[in-house]
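Computed from a predicted structure; not experimentally measured. Heavy-atom basis, side chains included; hydrogens, waters and symmetry copies ignored. Read the numbers this way: they start at 1 and go in the same order the structure lists the ligands and their atoms. Just so you know, residue 1 is the first one in the sequence shown, and it goes up from there.
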Amino acid sequence: MTLYFADLIKKKRDRQELTSDEIQQFIAAYTSGTIPDYQVTAMLMAIYLNGMTNEETVALVKSMIHSGVTVDTSKIPGFKVDKHSTGGVGDKTSLILGPIVAAAGFYVPMISGRGLGHTGGTLDKLESIPGFNTQQSLERFVEITREIGTCFIGQTKEICPADKKIYALRDVTGTIESFPLICASIMSKKIAEGIDGLVLDVKFGSGAFMKTVEQAKSLATALMNIAKSYDKKIVSVISSMEQPLGRFAGNSLEVFECVEIMKNKKFTGPNGEDMYADTRELSLQLSAQMIHLSGKTASVNEAYSLAVEALESGRALQVFEKMCKVQGGRLSELPAAKKSHKVTAKTAGYLHSFNVEKIGLAGIILHAGRMKNDDVIHPTAGIEFHCKLGDQVKAGDTIFTIHGDEPELFAEAEQLLTLAHEISLQKPPAHVLINTVLN
Ligand code: URA
C-alpha cells in the first residue's frame, strides 16, 4: 500500500477525484496501521487544499463509520439524541445538556473528542475529574446510557478508530478547517453511536473554525444533508464564538463551572452580569432542540420549559453526579490550580472585541490543550474571563485571570491575552449568542 498510497496522494494533490474504493482502502489501511502518519498527513493536506466532491465526502463518511462498529442501542427504550459542536473556547455545554436531557426522560449516548486546534474537547474536560474513564466498552456504554440516561466516551479501537487517529493527526498538522474532514469526523462518530436525532452547534466567529456566519451555515447544511441520508432527525443551531463562552476555559475549571450551573449558582462579574449566563442559556437552548427532536413536545418553547425544570430541580446535577461515579470519576476531588495571575486593561473604554482563537492558543501555552500529539494536558490550567463584550472597563481592571501550576508559562500566555482583546471608546453592538436555527 505504501507505494500505491503515494499515487493516491498525488491524485488528490493534482485535484483529481478519488473513487469510493480508493477512499475506503485509504481509511482501512490507516486504521490498521499499514500506512504511516507522514503519508496520511500529506493526504489530509491535499484534501484540505483541494477539497472533496460530494461523492468523495459521502464515501469518506461511510468508510470512517465502517472503520469500526456501530453501537446497537436497540436495548435502550426511548429516544436517543445527541449534540455535537464544531468547536469553541469555553464551550462546555455537553456536560450540562447531557444530564438535562437525560433528566427530562431521554437518552444521550455521547461519543466526543479531545481538544482540536485552539478549541477545547469534552474528553479532556471529563478526564480532569480524577478517575473518570472515557474508554468504556460498547456494552458498558449502552448499559450506562440505559441506566443513567447519558454516558460520555471517546472514539476507541472498536468505534470510530479512523476518526481517533485522523482527529489526533489533524490537530497538529494544520488540517482542521476542511469541510469534508469536519463532516467525516463529526458524522462518523454521531452515526456510529446509534442515535435517532442530533443537534449540531455550528459555531462562527474568531474562536470558531468557520469565521463567518455564511461559512457556518454552509457547513451546517453539508452536515445536515449527511445526517438526513442516514435517516437521522437533525437541527443546527448557528451560534457565536466571538467571545469565549461562560466564565472559564480550561479543563477542570470548565467542569467546575458546569457543576456550579447545575447547582443553580450565579457568579456576578465586575459589571454586574452573571458570568455563567451564556453557558446556561446555550445549554438550555440546545437541550430544548434535543428534546423537541423527539416529537414529544408541541413546540421548542415547551421543550425549553422541560429543560429548565430538569436543571432547576437539581435532577440534571443528580444525573451528572451518577454518571461521573459510574464512569469512575471522583468529582469531589476535582483539582484546582495552585497559582494565578491577573491580566489587566491597559486603557479605559468598552471591551470591543476578542480574538477568541488567540485566547484558545494562550490556553495551549498553559498546557490546557496540546501542541503535539503526545503533549500531556495539565487539567487545572486555564483562563478565567471577567468581562463580556460591551463591558466598560478602566485601565488596571482585570480582564482575564490565568490559572495553572506552571507560573513560568504565565508571561507568554499574558502576551497573547493582551493581543486577544481590544478596548475602544466606541461601544460595540450588542453580542447575539444564537444567530439562527436551521432545520
Ligand atoms: N468536532 C469534531 O468531532 N471533528 C471536527 O473535525 C471538528 C469538530
Taking 4.0 angstrom as the limit and counting only heavy atoms of [X], give me the atoms of ligand 1 inside it, by number and element.
X	answer
H84	1 (N), 2 (C), 3 (O)
L116	5 (C), 6 (O), 7 (C)
Y167	2 (C), 3 (O), 4 (N)

Minimum heavy-atom distance Q24-S63, with the two atoms named:
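Closest approach of Q24 to S63: CA-OG, 3.4 Å.
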
Nearest heavy-atom neighbours spanning V69 and I159
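Taking every non-hydrogen atom into account, O-CG1, 3.7 Å.
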
So H118 and F209, would you call those rings parallel, tilted or perpendicular, with 30° and 60° as cut-offs?
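It falls in the perpendicular class, over 60°.
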
Which residue owns the protein heavy atom closest to atom 3 (O) of ligand 1, what's the atom, and how far is it?
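Scanning the protein heavy atoms, the shortest distance from atom 3 (O) of ligand 1 goes to K189 NZ, 2.6 Å.
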
Looking only at protein heavy atoms, which one is nearest to atom 4 (N) of ligand 1, and what is the separation?
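Closest protein heavy atom to atom 4 (N) of ligand 1: S185 OG, 2.7 Å.
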
Proximity of T86 to ligand 1 by residue part, where a heavy atom lies under 4.0 Å:
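It is the backbone that touches ligand 1; the side chain stays farther off.
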
Passing candidate, side chain to side chain contact (heavy atoms under 4.5 Å, CB included) with S239, options L286, D201, T436:
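The option that passes is D201.
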
Salt-bridge present (E127, R114; N to O < 4.0 Å)
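Salt bridge: yes.
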
